[in-house]
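Let me begin by presenting the structure, written as structure tokens, before commenting on it.
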Number of protein chains: 2
Amino acid sequence: MDTTQRTDQQRSADRRRRELLEAADRVVLRDGPQASMNAIAAEAGITKPILYRHFGDKGGLYAALAKRHTDALLDSLRAALDAPADRRERVEATLDTYLAAIEARPQVYRFLMHPADGGQVGDQGFDVGKHSVPLLRRMGEELAQVIEDRVDLGPGSQQLARVWGHGIVGMMHAAGDWWLGERPCSRAELVRSLADLLWGRLAAAGDKVGGPGF
Amino acid sequence: MDTTQRTDQQRSADRRRRELLEAADRVVLRDGPQASMNAIAAEAGITKPILYRHFGDKGGLYAALAKRHTDALLDSLRAALDAPADRRERVEATLDTYLAAIEARPQVYRFLMHPADGGQVGDQGFDVGKHSVPLLRRMGEELAQVIEDRVDLGPGSQQLARVWGHGIVGMMHAAGDWWLGERPCSRAELVRSLADLLWGRLAAAGDKVGGPGF
DNA sequence: CTTGCATGTTACTTGCGGTAACTCGAGTGT
DNA sequence: ACACTCGAGTTACCGCAAGTAACATGCAAG
């Protein structure tokens, strides 16, 4: 059992795993997150137990699937975030990148964000909500890091950066989710509105006085 | 079949329904959202089909459960939002109210926000994600209304208010979720940090220059 | 040829959501 | 007093999906 053979096997296993994930991707994107293991196995041209050998349980498969997309999205966000530009431009670019991603592949987005699981059933001890939370959390942490690295916030900067990281990501997420459902305006308008919000326009605006009695 | 009798029946049915919801509440808060219909029925001292007569299916029960809590939370938020105070004070009061609520009853919060459903299985056509999304959406719409009513935003104010409503709610939600999990600071600090973010402190802060090479 | 070992399959168990069909008890008209 | 409806409740079942056990097959090494 020399190293070369082990590597061979490992390579083939990894390759198989990737094929399975791609098949699962197709099915999940077609049937939604309630896709059954049988359906995924059939799409991959095999049967259930193999899926279980590779991923443990349904949660494992979904986690692997989510990781792929999450990593891909985070990569593109990092590019926008790390660009050598003005802060406002970077914020707008990041927002736009995120929104463009969810606009381009809403099915993927729904899968990542609205688990609406499928992995809740059965015995017990299944760790629910494995997908959406990690993505938001990871985005939040990355953003926090960037903020802390590049913005001068004085004392307590680390905690402030983390709060803001998670808060901004949540703002982006919720606004994007709503926008994707209703499409009330163009992507550019949404980006602008959100950036305006972050730029303190809510605080700067005046009170409305013409209202009824208020 | 005069009106009085019909009312009597309706009253008893409503009362029963309330009892069932309270039982369901206990089970869900104890077992998490994967509580089975059997368990809920047992807690209520009856058997499954009655639950189905009252709520249609599991989604119906969960929706009814979610509506109760959602309405209660929205009521307390409205109070903070409509207070006759300075805008910043109102914002901080609202954030604090929300955070206090999720801090006081994290189980309820988890149920509302992280469906981690249970209603994914079976035949088909089950509308997933019936709970969490409505709560965030309703909060967003309410906040949008308040913003539009009380803040002078010039042209395009309605759309801007809606974007901000959903965005701010999302910020509050994500930051609260993260905070509830890690408890990195006090509630008051979190409120202050988020309000600072909305007040444009991110835009106002200077670039960090001491960093390595940036 | 046989012994591992990875890969795959069939066939099963378990447990849950959901439903059909029956039972029971209380009020009502004659 | 008696049959009759009607709502509340129960038992027993179906279908389906997750997950598993036990059996088959192809292929390298000794």
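In what follows, every heavy atom counts, from backbone to side chain, and hydrogens, waters and symmetry copies are set aside. Numbered from 1 within each chain, the chains take letters A, B, ... in sequence-line order. This is a predicted model, so every value here is computed, not measured.
- Between the P atom of C/dG18 and the CE atom of B/Met37 lies a distance of 6 Å, rounded to the nearest Å.
- For the helix from C/dC1-D/dG30 to C/dT30-D/dA1, the angle separating the two terminal helix axes comes to 30°, with each axis derived from five pairs and the value rounded to 10°.
- Atom-to-atom, CD of A/Gln34 to C1' of D/dA18 comes out at 15 Å; the value is rounded to the nearest Å.
- Look at CG on A/Asn38: it is 10 Å from C1' on D/dC16, rounded to the nearest Å.
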Between the protein and nucleotides 10-13 of chain D, are there any N/O to N/O pairs under 3.5 Å, and if so, what are the atom names and distances?
| from | atom 1 | to | atom 2 | distance (Å) |
| --- | --- | --- | --- | --- |
| D/dT10 | OP2 | B/Thr47 | N | 2.9 |
| D/dT10 | OP2 | B/Thr47 | OG1 | 2.4 |

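- Here C/dG18 presents its P atom at 10 Å from CG of B/Leu61, a figure rounded to the nearest Å.
- The existence of a salt bridge linking B/Arg78 and B/Asp71 is excluded, since no basic side-chain nitrogen approaches an acidic carboxylate oxygen closer than 4.0 Å.
- Not counting sequence neighbours, the partners of B/Glu92 by the salt bridge (Lys or Arg N to Asp or Glu O under 4.0 Å) test are B/Arg88.
- Remark: P of C/dG18 and CZ of B/Phe55 are 13 Å apart, rounded to the nearest angstrom.
- Listed nucleotides: D/dG19, C/dG8, C/dG17. Nearest to the side chain of A/Lys58: D/dG19.
- Note on residues 45-56 of chain A: no pairs pass salt bridge (charged side-chain N to carboxylate O under 4.0 Å, His left out), not counting sequence neighbours.
- Judged as a salt bridge (charged side-chain N to carboxylate O under 4.0 Å, His left out), the pairs with a partner in residues 161-178 of chain B (not counting sequence neighbours) are, in order, A/Arg137-B/Asp177, A/Glu182-B/Arg162, B/Arg110-B/Asp177, B/Glu141-B/Arg162.
- Annotation: ring pair (Phe, Tyr, Trp, His ring centres under 6.0 Å) contacts involving residues 34-57 of chain B, sequence neighbours excluded, are absent.
- By the 30° and 60° cut-offs, the orientation of the rings of B/Tyr98 relative to B/Tyr109 is perpendicular.
- No salt bridge links B/Asp14 with B/Arg17; every basic N to acidic carboxylate O contact stays at or beyond 4.0 Å.
- For B/Arg192, the CZ atom is loosely surrounded, since the number of other residues' heavy atoms within 6.0 Å does not exceed 12.
- A donor-acceptor pair under 3.5 Å is absent between the side-chain atoms of A/Arg68 and the main chain of A/Glu22, judged by distance alone.
- The CD1 atom of B/Ile40 sits 12 Å away from the P atom of C/dC16 (whole-angstrom rounding).
- If you measure from atom CG of A/Leu20 to atom P of C/dT7, you get 11 Å, rounded to the nearest angstrom.
- For B/Arg17 and D/dG7, the CZ to P distance is 18 Å, given to the nearest whole Å.
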